[in-house]
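Only this structure's heavy atoms are used, side chains among them; waters, hydrogens and symmetry mates stay out. Throughout, protein chains are lettered first and strands after them, A, B, ... in sequence-line order, and every chain is numbered starting at 1.
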Amino acid sequence: MGQANSICQSAEAFCSGLLVFHTGKLTLECLKDIISLTLKAKFDPADPRSFGIIAGTGGTYTMRLSKSFGRTLREQPSEVEMPSHGLMLRTGLVSKLAAGIYSYMPFAWRSIKKIEAVMRREMDAIGGQEINMPVVNPADIWQESGRWNEIGPEMARFKDRSGRDMCLAMTHEEPVTDLARRFIDSYRQLPCVVYQIQTKFRDEPRARGGLVRVREFIMKDAYSFHVDQEDLTSYYPDMCRAYERICQTCGVPVVKVLSDVGMMGGSLAHEFTYVTDSGEDTLILCPNCGYAANREVAVFDNNAALKEADLKPDETRVPIEKVHTPGKNSIALVSGYLGANPASSIKTMVYFSQGEEKPFLVLIRGDLDVNERKLANFLNTAEVGLASPDELKSFGLVQGFMSPVGNEQFTVVADSSISPNYSYIAGANEIDYHFVNVAPGRDFRIDLAGDFSAAREGDPCAECGTPLAVKRGIEVGNTFMLGIRYSQAMGADFQSEDGSLKPIVMGCYGMGVGRLLACVLEENHDGKGIAWPITVAPYQVHLICLGASERVQKAAEEVYKRLVKAGIEVLYDDRDESAGVKFNDADLLGMPIRITISQRSLKSGGAEVKLRHDTEPTIMSLDILEDSVSQMIEEELSRFIPE
RNA sequence: CGGGCUGUGGCGCAGCUUGGUAGCGCGCUUGAAUGGGGUUCAAGAGGCCGUAGGUUCAAAUCCUAUCAGCCCGACCA
């Protein structure tokens, strides 16, 4: 009871107290005490406005469906493409105000708050301290980091009344680095971690899939500060594990994949991705050794095909020769025409890197494709783009027959799939002609060589040679080893043990709350509707009263009050609807435990209780219903909470 | 931003080709019956057809512009 008293000190502490309960450290008795202690004065289970205490939901912990704000739909709105989107609209979870801008209705908001509670618990467990930074930022800190100019129109900008440039922070490296330089002076303060859960606005070009890709969204973003890269490297796995635990608790399986650092910068980044066909990211996965990467950065053994292409190293001694290839303006046509393997050709492409006048001649083996993300990263530029046919003409290049041979005026960038030990077929830069026996190094110069070939299904894994698999996924969260990208630019230094001034080494870690909710629904539904994991379900129990008889209604009311009193979150369907409507809505809304009170259930001894994911109900005696249901809740919770 | 498509009561749609002043299903309201898987009957409420111009005696319908939204690409939690 002392424990309960101390837990009741504040609403915030109270929420974390409940989380302790979830992991089984508080007893059920204690929880009941907490409830009666907190609510004894104004507690009325029949009043939907009663103060809510359960699992950090903060609002009402109980609800009569007849009073619920929102409605379920029988038919699916036509805009729907993804299951989670359809379910959200049919259950009245969200409502769209504009493209990619949604209101969260009561059920969704309860679930969001539970997801946030899970995130808080895991962040706190690895030393995170919750803060809240401004959404509206002055331009100057973004100018300091350089991102004011680097980031395009996806960042919303405006001027305040005195004409000062402002923006809506779409991520918080700049404000948090500003905090770091104000408050971190010494190595003694490091490492440390802060996080926040906050609404972000990103003016994405295209919103889609309900909450999967929106413009306004809730993000949990965390930032860690370290004395050196080594310390960051040792902390990083803790964050990754926390991310995996968060997703597991929410009933969303994720894979951790290598990813592009994108606009964040830094050295290493991972994404935590929920694998689903309707995802928008493409993953390259090795079923044998576990290599996993976003296609944007995925590597593979791009020399394996050479062996199969049956090229002979000594062919490099054969002199280059021009051959007539009428109308054969693609690798496939030329290879077919000359009876050669496409892998024995060089594909020549012309790319511009962002902000540069002069194009690059980009070479890759004929059977491979350029991964533009990898190419841009290799060239250390934000973006690359193919030259247009007109531009090619203006450079004197012949589309379909382009060649590295005789084009010395360009910087030649070769993919690592082009080996100097072999000879190839290449364009002759003349219509209807190709060269054969083209030897890199002998017949043309390579200025830069790197890996920017695109991995495909079946390509051999760079680690173990196993054919790679391609899957689609939704990126739920990401982690970045930023290094000193921001601390250096913004002068966030600390004094190290030896007295020298060093830039703070940083990591940043983002996770989309609404997107995780979308993934919860993607993963946990069936043909009838949602099947919430109990950890994030808006309510634990969906109570149905069937029949108009006074006896049944009285019994249902009684059960409702008793469950609520026992600290169970109950959604009570007290509407005057037919059995079919009520059952279908219960399946659609998908609360984990369904309890039915009816003439029939009373006759057979009590309440009919069914788990959403089970098919058969069981009859439970009304005498000990709270205890039986509480035990079911415990069992359900243990299915999702790690350890 | 490029390509494809759609805007008609809260939701799903028909009507548009061949102009004549708006209809169906679900939902909503009222009443009655029913009461274990979207039950039945009856009576209602609700839309100037995205917006603005134009053509016409007459426009949801034809023309032009514009806005919004959806889907496929380039970007990201």
Can you pull every protein N or O that's under 3.5 Å from an N or O on nucleotides 1-4 of chain B?
none

Margin query: Quick check on Asn132(A): does its CG atom have over 12 non-hydrogen neighbours (other residues, nucleotides or ligands) under 6.0 Å away?
Written below: yes
Check: Under 4.0 Å between a side-chain N or O of Arg74(A) and OP1 or OP2 of C26(B)?
Finding: no
Next item on the list: Could you tell me whether the side chains of Tyr236(A) and Arg241(A) share a donor-acceptor contact shorter than 3.5 Å?
Entry: no
Checklist line | Side chain Arg575(A) and base G38(B) donor-acceptor under 3.5 Å | finding: no
Check: If you measure from the Lys or Arg side-chain nitrogens to the Asp or Glu carboxylate oxygens, is any gap between Glu116(A) and Lys220(A) under 4.0 Å?
Finding: no
Next item on the list: Check RNA chain B against residues 609-618 of chain A and give the residues with a non-hydrogen atom under 4.0 Å, in numerical order.
Entry: none
Notebook entry, point to check: When rounded to the nearest Å, what value does the distance between C1' atoms of U34(B) and A42(B) take?
Noted result: 15 Å
Checklist line | Sugar-phosphate, base or nothing in reach of Asp587(A), heavy atoms under 4.0 Å | finding: base
Item checked: Side chains of Tyr195(A) and Asp124(A), donor plus acceptor under 3.5 Å -> yes
Checklist line | Nearest-0.5 Å distance that lies between atom NZ in Lys200(A) and atom CG in Asp221(A) | finding: 3.5 Å
Checklist line | P atoms of U6(B) and G35(B), separation to the nearest Å | finding: 48 Å
Margin query: Distance check, P atoms only: G69(B) and U8(B), in whole angstrom units.
Written below: 14 Å
Notebook entry, point to check: Sub-3.5 Å donor-acceptor pair from the side chain of Arg71(A) to the main-chain atoms of Arg90(A), do we have one?
Noted result: no
Checklist line | Modelled atom types, side-chain donor and acceptor of Asp260(A) and Asn294(A), under 3.5 Å | finding: no
Check: Do Arg213(A) and C76(B) have a side chain to base donor-acceptor pair shorter than 3.5 Å?
Finding: yes
Checklist line | P spacing across the pair C62(B) / G19(B), given as an integer number of angstrom | finding: 9 Å
Check: Rounded to whole angstrom units, what separation is found between the CD1 atom of Ile246(A) and the C1' atom of A77(B)?
Finding: 13 Å
Margin query: Testing the 3.5 Å rule here: is there a donor-acceptor pair between the side chains of Tyr243(A) and Glu122(A)?
Written below: no
Margin query: Taking any heavy-atom pair under 4.0 Å as a contact, classify Gly100(A): base, sugar-phosphate, or nothing.
Written below: nothing
Checklist line | Euclidean distance, atom NZ of residue Lys582(A) to atom C1' of G35(B) [Å, nearest integer] | finding: 10 Å
Margin query: Between Glu557(A) and Arg64(A), does the salt bridge (Lys or Arg N to Asp or Glu O under 4.0 Å) criterion hold? Intermediate values first, please.
Written below: CA-CA 11 Å; Glu557(A) 283 288 335; Arg64(A) 287 168 191 267; 2.9 Å; yes
Next item on the list: Could you pull out all residues at least two apart from Ser278(A) that satisfy side-chain contact (heavy atoms from CB on, under 4.5 Å)?
Entry: Met82(A), Thr276(A), Glu522(A)
Next item on the list: In plain terms, say whether Arg208(A) and Glu280(A) are close enough for a salt bridge, that is, a side-chain N and a carboxylate O under 4.0 Å apart.
Entry: yes
Check: Have Glu616(A) and Thr618(A) got a donor and an acceptor in their side chains that come within less than 3.5 Å?
Finding: no
Check: Does a donor on one side chain sit under 3.5 Å from an acceptor on the other, for Tyr102(A) and Ser95(A)?
Finding: no
Next item on the list: Determine the interatomic distance between C1' on A59(B) and the same-named atom on U51(B); round to the nearest Å.
Entry: 15 Å
Checklist line | Sugar-phosphate only, base, or nothing, as touched by Ser601(A) at under 4.0 Å among non-hydrogen atoms | finding: base
Note to self: I need the residues from residues 509-522 of chain A with at least one non-hydrogen atom less than 4.0 Å from RNA chain B; give them sorted by number, or say none.
What the structure shows: Gly512(A), Arg515(A)
Notebook entry, point to check: Taking atom types as modelled, is there a side-chain donor on Trp142(A) or Asn137(A) under 3.5 Å from an acceptor on the other?
Noted result: yes
Margin query: Please report the interatomic distance OG1(Thr535(A)) to CD1(Ile115(A)), rounded to the nearest 0.5 Å.
Written below: 8.5 Å
Check: C71(B) and C48(B): how far apart are their C1' atoms, nearest whole angstrom?
Finding: 31 Å
Checklist line | Separation of the P atoms in G23(B) and C70(B), to the nearest angstrom | finding: 31 Å
Margin query: Would you say Lys96(A) places a side-chain N or O within less than 4.0 Å of OP1 or OP2 belonging to C70(B)?
Written below: yes
Note to self: In this structure, how many angstroms lie between the C1' atom of A77(B) and the CD atom of Glu216(A), rounded?
What the structure shows: 14 Å
Check: So does Asp576(A) reach the base of G35(B) with its side chain, donor to acceptor, closer than 3.5 Å?
Finding: yes
Next item on the list: Please state the C1' separation for the pair G7(B) and A14(B) - nearest whole angstrom.
Entry: 15 Å
Under 3.5 Å between N/O atoms: give me all the protein pairs with nucleotides 7-12 of chain B, atom names plus distance.
unit_1, atom_1, unit_2, atom_2, d
G12(B), OP1, Ser78(A), N, 3.0
G12(B), OP1, Ser78(A), OG, 3.4

Checklist line | Below 4.0 Å: OP1/OP2 of G37(B) and any side-chain N or O of Asn584(A) | finding: no
Margin query: Under 4.0 Å, heavy atoms only, any strand: does Phe272(A) hit a base, just the sugar-phosphate, or nothing?
Written below: nothing
Notebook entry, point to check: How long is the span from the OG1 atom in Thr479(A) to the CE atom in Met511(A), to the nearest 0.5 Å?
Noted result: 9.5 Å
Checklist line | salt bridge (charged side-chain N to carboxylate O under 4.0 Å, His left out) partner of Asp369(A), chosen from Lys374(A), Lys347(A), Arg295(A) | finding: Lys347(A)
Check: With centres under 5.5 Å and planes under 30° as the test, does Phe217(A) stack with A77(B)?
Finding: yes
Check: When the distance from CZ of Arg208(A) to C1' of A74(B) is rounded to whole Å, what number comes out?
Finding: 14 Å
Next item on the list: Whole angstrom is fine here: how far is it from CD in Glu204(A) over to P in C70(B)?
Entry: 13 Å
Item checked: Arg515(A) NZ/CZ over Phe217(A) ring centroid, <6.0 Å and within 45° of normal -> no
Next item on the list: Give the rounded distance in Å between these two atoms: CZ of Phe583(A) and C1' of U39(B).
Entry: 14 Å
Check: Any side-chain donor-acceptor pair under 3.5 Å between Glu271(A) and Asn478(A)?
Finding: no
Next item on the list: Grab the CG-P distance between Leu168(A) and C76(B) for me, whole Å please.
Entry: 18 Å
Item checked: Spacing between Asp281(A) atom CG and A77(B) atom P, to the nearest angstrom -> 10 Å
Margin query: Using a heavy-atom cut-off of 4.0 Å across all strands, would you classify Glu372(A) as base, sugar-phosphate, or nothing?
Written below: nothing
Pull out every protein N or O sitting under 3.5 Å from an N or O of nucleotides 40-43 of chain B, one pair per line with the distance.
none

Item checked: Options C76(B), C75(B), G38(B), nucleotide nearest the side-chain atoms of Arg373(A) -> C75(B)
Check: If you pin Ala99(A) and Val476(A) to their nearest nucleotides in RNA chain B, which one's is more 5'?
Finding: Ala99(A)
